[in-house]
Amino acid sequence: MLTNNARNVALGTLFSRVPAAALRARYPSLSSMVQHAGLGAGGIVGAWLRSSDAADNLVGMERSAGLSLLVLLAIPWLLRVNERRVAPR
């Protein structure tokens, strides 16, 4: 939870530089909508990746962990791409 809050502070700072000045009031709502849609999609994909077998053992955690690792490793690259697009403004 601590790292998630630290991430949100850094992303909030970055996102405040994304929109033009005239759109800054609308941007947080749009950003929140996209974030919540992503959380919903994550819940659906997580349920799709994991299931239980005949003995009620949880299976599919390897796939779920692998996907989480890929997303985690992609975040710095995505932030760098976004920073480069925002910097010229």
- [ ] Please name all residues satisfying side chain to side chain contact (heavy atoms under 4.5 Å, CB included) with Ser68, sequence neighbours left out, ordered by chain then number.
- [x] none
Show which side-chain atoms of residues 45-53 pair as donor or acceptor with protein atoms under 3.5 Å away, not counting sequence neighbours.
from, atom 1, to, atom 2, distance (Å)
Arg50, NH1, Ser64, OG, 2.7
Asp53, OD1, Ala55, N, 3.1
Asp53, OD1, Asp56, N, 3.2
Asp53, OD1, Asn57, N, 2.8

Please list, one pair per line, the donor and acceptor atoms closer than 3.5 Å that link side chains of residues 34-43 to other protein atoms, with sequence neighbours excluded.
from, atom 1, to, atom 2, distance (Å)
His36, ND1, Ser32, O, 2.7
His36, ND1, Ser32, OG, 3.3

